[in-house]
Amino acid sequence: MEYNFRDIEKKWQKEWTDTKAYQVNNNSAKPKYYVLDMFPYPSGAGLHVGHPLGYIASDIVSRFKRLKGFNVLHPMGYDAFGLPAEQYALEHGVHPAKSTAQNIDNFRKQLDNIGFSYDWDREVRTCDADYYKWTQWIFLQLFNSFYDRHQQKAVAISELINSFEQEGNTKHICPGNPTLQFTAEAWKAFSEKEQQDILMDYRLAFCGYGEVNWCEALGTVLANDEVVNGVSERGGHPVVKKKLRQWYLRITEYADRLLSGLDTIEFSEAMKEMQTNWIGKSSGAEISFELRATSFEQKNDSQLAARSSRLLVYTTRPDTIFGVDFMVVAPEHELIEKITTAEQKEAVDAYITYVKSRSDRERQAEKKITGCFTGAYAINPFDGREIPVWISEYVLAGYGTGAIMAVPCGDERDFKFAKHFNIPITNILGNAFNGTEPNATKDAVLSNSGFLNGMLMRNAIEVVITKLEEMGIGKRKVNYKMRDAAFSRQRYWGEPFPIVWQDGIAYPLDEKELPLLLPDVESYGPGPDGEGPLANLNDWKNTTYKGKPAVRETNTMPGYAGSSWYFLRYMDPSNDQAFCDKKVSDYWNQVDLYIGGTEHAVGHLLYSRMWTKALYDLGYIGFDEPFRKLLNQGMIQGVSEFINEVRLHREIVSKYENHVKNLFFTTETCEVSLQLPNKGGNNGKHFFFSQDVNFDFNIGVLDVATGRLNIQEKEISSSHANIKYIDQRSDKSVLNIEKWMDEQPVYEESFLICKNGYWHNHSYYDFSGNKLDYKLEFLTRPEVEKMSKSKLNTVSPVDPIDPENKDTIVVKFGADTFRMYEMFLGPVDQSKPWDTKGIEGVHRFLKKLWRLFFDENKGKIWTDEQPTAEELKVLHRTIKKIDEDTERYSFNTAVSSFMICVNELSDLKCHKKQILGDLLILLTPYAPHIAAELWKQLGNEGSVLDASFPAFNAAYVTETSKEYPISINGKTRTNISIALDATEEQVKEIVLANELVQKWMEEKPLKKLIFVKGKMINVVI
RNA sequence: GCCCUGGUGGUGGAACUGGUAGACACGCAGGACUUAAAAUCCUGUUCGCCGAAAAAGCGAGUGCGGGUUCGAUUCCCGCCUGGGGCACCA
């Protein structure tokens, strides 16, 4: 009987489904254990080999904990709202609900083939109304709450109103507008609109204004993903920043708790560091600088008001105030318009236009120093010095006050800026500043610093803050880099907000009106004025509120809304009275092990932590951290293949559209002329170059009017070629041109230029234009990067359309082999490119295991004989190793221990049931199908899933002596076997008496002998 | 640019807390079985030197340069380089 993995795996997968082997009960006497995978987005490309890495790891842990006697919750579901489905709908007119359902079906089919132990009765989909009803409900809780800074928790907004009615807002500073102050009387006198506007500035979910990537040509807001080099990915249209009304979550109020909560959870240090940096807590001072009036006092009345304007900066280093040589203000700062002088206006406007086209990322990454003087001056409050006010893109409006005081002698960026614009640098650091590079120290003694002279900078910080507070022009300030989370999207495929607008006031829907269903739309295109597609639905949009006309909110929620609380819904997935029964969440409590990639470090993982804290504050759940332990899986990277293209600039192409007949270029060996197709349009004008063609060529076109023309305006671009068209030949990646053309007929008229000829219109030619009867090699350039649909480099373990496709790993080698191979690849938390080299080894291991049970000719060969001491030693060594390795998520070394065990048992010709049975239990989490089959074959009653993990007995593995490595001066020279209970004196005697040791010592005296019991011995001479 | 993370044979990786670098596999080379192939099994495999070969031995070696230590893949300092994230991909 041979190892027929396909049949075995299908049989057991059916068995487990039929018997509901993975169904989990919310009531159990067993201790609970909750293992969760990060919510997958069901993309059209289906599951790729990167997904299962974490799923296999979590499946191993689930099954392992089950063997160890836990009641294990291990659910799966889909984060099903999102941009890609909407994008697909825009392009193909398919309703996102339909394509999403299709994608989920495919995803599921793939998962089912790998043998996961999910309780599918608990599946959730964020796009189901039964689910998003509760996402909307939680939104309403956030909308109806504010953060009470005294109690450090979320509290119902009704309590805030009570407080306003009693004492105005003296007790609760307004987080959205810190300078706002009003009395109880004033509150009562406010109109409803005024009151609601004030409340909005307190709510945890609130409406405000924020900048988005606006693409005028498409009439829509673009995701960062859709913007490439400042233009839209689709169509290449310009993208600028635009302010739009947006919903936000006031996550900044939770900043401190998100920080301190990190101490209570087991995330990697790297992850904690990333979150800490993201939150970016710093303390310093806010300083209000007076602006010199003269420069703008001549302006008209409205600008005269600016005379009283002051420039507010945030600094962590108030001690450097005498070293301030200029101010830098964010170009979008509202003060700029007021303070810019007439002479500088043109330059400033031009600079602002430039900055509008730049993303925050570009602005910070830019090495080139840019900026513009506003003509205005601020005044140093201590020495009256006039400080020029500049604007520059490196200061972002969203951080601090959007303005900094620049101290070039102490700050890298400020220093470069000053050098670039020839701004004189004041040295306040004495000898600590050499004039050629800035020094950010806090330990220098201050000079040129007025009343601070001679003081250590570190100590001066407090002194300056105190002085500023006395003068009433500054105050101590804790600042966070983190901003409130933008919570609305101008999109269709997301949760509608349960909000209606009337007279500019946002009213929440009543709980009873939930879910507010996402309506169907005719087109997925944008609505008017930057609104989302829902704005086009007048019937849906126009509604009534308290009998009067009102309009619904037409934004939808972002992808992370549904994923911020899904781990709670799995506990109680079909509850229609609550998002999750409190008793149930009390039982399951936190996720004990959460597995997913680091790419969610600061998005999902912060949002879900915040939601959990808010739900805890409001009393709906009993814990305020969702994930007790986080394991980051590494990324399985894909090998992308790039294809080089030379593009003639658009203008050139259109300019010569009718003249261009030939294209010339030179290779290393000859000059080549290609006749261009007569057809108009762009299709024929693609020129792809093989990787081995020298790129340093001239290119030209024949212009009928002027003769030959050299084209300088060309660019070489690289784009992804789908790896399914690439053949790997030894070290080369060769494009299969025919296959590629089958699916991309638009390129038929293009030229694919190879080293010794070219391809055009289904034929190969040499550079003289002679048709060839053989193929040329067109090479692409491989590069390792994230595996993703958009990079066309995904590899799938199971074909989503045809699960029996023989080209896929699971069909070829089986799910058990695939599972163990993914684990064997390396540490689960490390990234590595996908490569199937080596999968044979794992497959051989399973076959070898099989042969411990079955012989080709003899059939069953296991016996009931008593195991020998040697066999027990092998088994128990393995038990210990598998137990330890699984506990510490070292799955790759566990797999190798299984291999060692099977190799040794094979060498010992051990076919004893007692040994093999225990081995199968150990193997169950890793290779459940083969383990279940052999377990059954051995004649065991019951499922191996519920066997109990074998107990390790140290007596079987105890050693009495050890082959000690003997080093002479740190270099290993020999080994000596010494009893493990030998004393240091005995060891010394044995070692020094050794012939080889004496030879190396050459009669030199012994300086020292280092003896580490059970490890090694080092002789120092 | 900023934050995080990785770099060990031809390849994936092992060495868990500073203690024999290269476990376990892949690949490759040689051999056994076979008419042959597949499958399976055995032997070798970090590099260099010495040597006909084997054995033995010597030297170097964990991205690069320095340091701490009896001893460093592991700790410290500086650099090079791959990957991920940077707030609307999820």
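Each chain gets a letter, A, B and so on, in the order the sequences are listed, and its residues count up from 1. Everything numeric here is computed off the predicted structure, so don't read it as measured data.
Side-chain contact, A/Trp565 with A/Thr135: a donor N or O sits under 3.5 Å from an acceptor N or O. Side-chain atoms of A/Thr252 and A/Asp484 form a donor-acceptor pair, as typed in the model, at a separation below 3.5 Å. Judged purely by distance below 3.5 Å, without hydrogens or angles, the side chains of A/Asn793 and A/Ser640 pair a donor atom with an acceptor atom. In the model, A/Tyr41 has no side-chain atom that pairs as donor or acceptor with a side-chain atom of A/Asn103 under 3.5 Å. Between the side chains of A/Glu2 and A/Trp850, not a single donor N or O lies within less than 3.5 Å of an accepting N or O. Counting only N and O atoms by type, the side chains of A/Thr886 and A/Tyr926 include a donor and acceptor under 3.5 Å apart. A/Arg609 and A/Gln275 share a side-chain donor-acceptor pair at under 3.5 Å. Defined by atom type and a distance below 3.5 Å, a donor-acceptor pair is present between the side-chain atoms of A/Glu785 and A/His720. Defined by atom type and a distance below 3.5 Å, a donor-acceptor pair is present between the side-chain atoms of A/Ser890 and A/Thr893.
Taking syn as a glycosidic angle within 90° of 0, B/G59 does not qualify and is anti.
The residue A/Ile1010 sits close to a base: some heavy atom pair falls under 4.0 Å. Contact annotation for A/Ser488: base contact, defined as any heavy-atom pair under 4.0 Å involving a base atom. Base engagement by A/Gln246 is indicated by at least one non-hydrogen atom pair under 4.0 Å involving a base atom. A/Pro827 comes within 4.0 angstrom of sugar-phosphate atoms only, judged by non-hydrogen atoms across all strands, and of no base. Among the protein residues, A/Val1019 comes within range of no part of the nucleic acid, since none of its heavy atoms lies under 4.0 Å from any strand. Heavy atoms of A/Gly82 sit under 4.0 angstrom from primed sugar atoms or phosphate atoms, though from no base atom. Residue contacts shown for A/Ala601 are absent, as no nucleic acid heavy atom lies under 4.0 Å away. If you check every strand for non-hydrogen atoms under 4.0 Å, A/Val221 touches a base. Within 4.0 Å of A/Lys481, counting heavy atoms only, lies at least one base atom of the nucleic acid. No engagement by A/Met271 is indicated, since no non-hydrogen atom pair under 4.0 Å with the nucleic acid exists.
The A/Arg888 side chain lies nearest to B/C16 when the options are B/C16, B/A23, B/A87. Of the listed nucleotides (B/A21, B/A14, B/A90), B/A21 has the atom at the smallest distance from the side chain of A/Thr972. Closest approach to the A/Asn1018 side chain among B/G71, B/C88, B/A21 is made by B/G71 (side chain taken as heavy atoms from C-beta onward). In the set B/A87, B/C88, B/G84, the nucleotide with an atom closest to the side chain of A/Arg491 is B/C88. When each of B/A14, B/A90, B/A87 is scored by its nearest atom to the side-chain atoms of A/Arg361, the top-ranked nucleotide is B/A87. The side chain of A/Asn903 lies closest to B/C24, out of B/A39, B/C24, B/G84.
For the salt bridge (Lys or Arg N to Asp or Glu O under 4.0 Å) test, residues two or more places apart in sequence or in another chain that qualify with A/Lys281 are A/Asp256. By the salt bridge (Lys or Arg N to Asp or Glu O under 4.0 Å) test, A/Asp79 is found to be paired with no residue, residues two or more places apart in sequence or in another chain being considered. When the salt bridge (Lys or Arg N to Asp or Glu O under 4.0 Å) test is applied to A/Arg250, no partner is found at least two apart in sequence or on another chain. In this view, A/Glu984 satisfies the salt bridge (Lys or Arg N to Asp or Glu O under 4.0 Å) rule with no residue, not counting sequence neighbours.
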Which donor-acceptor pairs under 3.5 Å do the side chains of residues 1005-1021 of chain A make with protein atoms, sequence neighbours left out?
residue: A/Lys1013; atom: NZ; partner: A/Leu980; partner atom: O; Å: 3.3
residue: A/Asn1018; atom: OD1; partner: A/Gly970; partner atom: N; Å: 3.0

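Of the residues in residues 816-824 of chain A, those with a non-hydrogen atom less than 4.0 angstrom from any atom of RNA chain B are A/Phe824.
Residues in residues 817-829 of chain A take part in these salt bridge (charged side-chain N to carboxylate O under 4.0 Å, His left out) pairs, two or more places apart or across chains: A/Asp59-A/Arg819.
Separation of atoms CG (A/Leu606) and CG (A/Leu249) is listed at 12.0 Å; rounding is to 0.5 Å. Note that the CG atom of A/Asp835 and the OH atom of A/Tyr821 stand 5.5 Å from one another [nearest 0.5 Å].
Closest heavy-atom contact between A/Glu393 and A/Thr370: OE2-OG1, 3.2 Å.
A/Asn224 has a side-chain polar atom (N or O) that falls below the 4.0 Å cut-off from OP1 or OP2 of B/A87. Side-chain nitrogen and oxygen atoms of A/Arg413 include none within less than 4.0 Å of the OP1 or OP2 phosphate oxygen of B/C2. Between B/G71 and A/Asn969, no contact under 4.0 Å exists linking OP1 or OP2 to a side-chain N or O. Phosphate contact (OP1/OP2 of B/C88, side-chain N/O of A/Arg489, threshold under 4.0 Å): present. Distances shorter than 4.0 Å separate some side-chain N or O of A/Lys847 from OP1 or OP2 on B/U40.
Residues A/Leu83 and A/Met274 each lie close to RNA chain B; by heavy-atom proximity, the contact nearer the 5' end of the strand is made by A/Met274. Map A/Tyr607 and A/Val895 each onto its nearest nucleotide of RNA chain B; the residue landing nearer the 5' end is A/Val895.
Using the six-membered ring where Trp is involved, A/Tyr132 and A/Phe81 have ring planes that are tilted, between 30° and 60° apart.
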List, with names and distances, any nitrogen or oxygen atoms from the protein found under 3.5 Å away from nitrogen or oxygen atoms belonging to nucleotides 54-61 of chain B.
residue: B/G59; atom: OP2; partner: A/Arg973; partner atom: NH1; Å: 3.2

Please list, for nucleotides 26-30 of chain B, all pairs of protein and nucleotide N/O atoms separated by less than 3.5 Å.
residue: B/C26; atom: OP1; partner: A/Arg844; partner atom: NH1; Å: 2.4
residue: B/C26; atom: O2'; partner: A/Gly838; partner atom: N; Å: 3.4

Write out a two-atom table: protein N or O, nucleotide N or O from nucleotides 42-44 of chain B, distance below 3.5 Å.
none

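Stem analysis of RNA chain B (Watson-Crick or G-U pairs, both distances under 3.5 Å, runs of at least three) returns B:1-7 with B:80-86, B:10-12 with B:24-26, B:27-32 with B:40-45, B:46-49 with B:57-60, B:63-67 with B:75-79.
Distance noted for atom P between B/A54 and B/U69: 43 Å (whole Å). Comparing the C1' positions of B/A25 and B/G78 gives an interatomic distance of 37 Å, to the nearest angstrom.
The side-chain heavy atoms of A/Ser232 and A/Cys215, taken from C-beta on, include a pair separated by under 4.5 Å. Counting only heavy atoms from C-beta outward, the side chains of A/Ile900 and A/Glu904 approach each other to under 4.5 Å.
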Fill in the blank from the handout: B/S/- along nucleotides 74-83 of chain B (protein heavy atoms under 4.0 Å) is ---------S
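Taking 3.5 Å as the limit, the base of B/C88 and the side chain of A/Glu226 contain no donor-acceptor pair of atoms between them. Scanning atom types as modelled, no donor and acceptor separated by under 3.5 angstrom connect the side chain of A/Asn277 and the base of B/C3.
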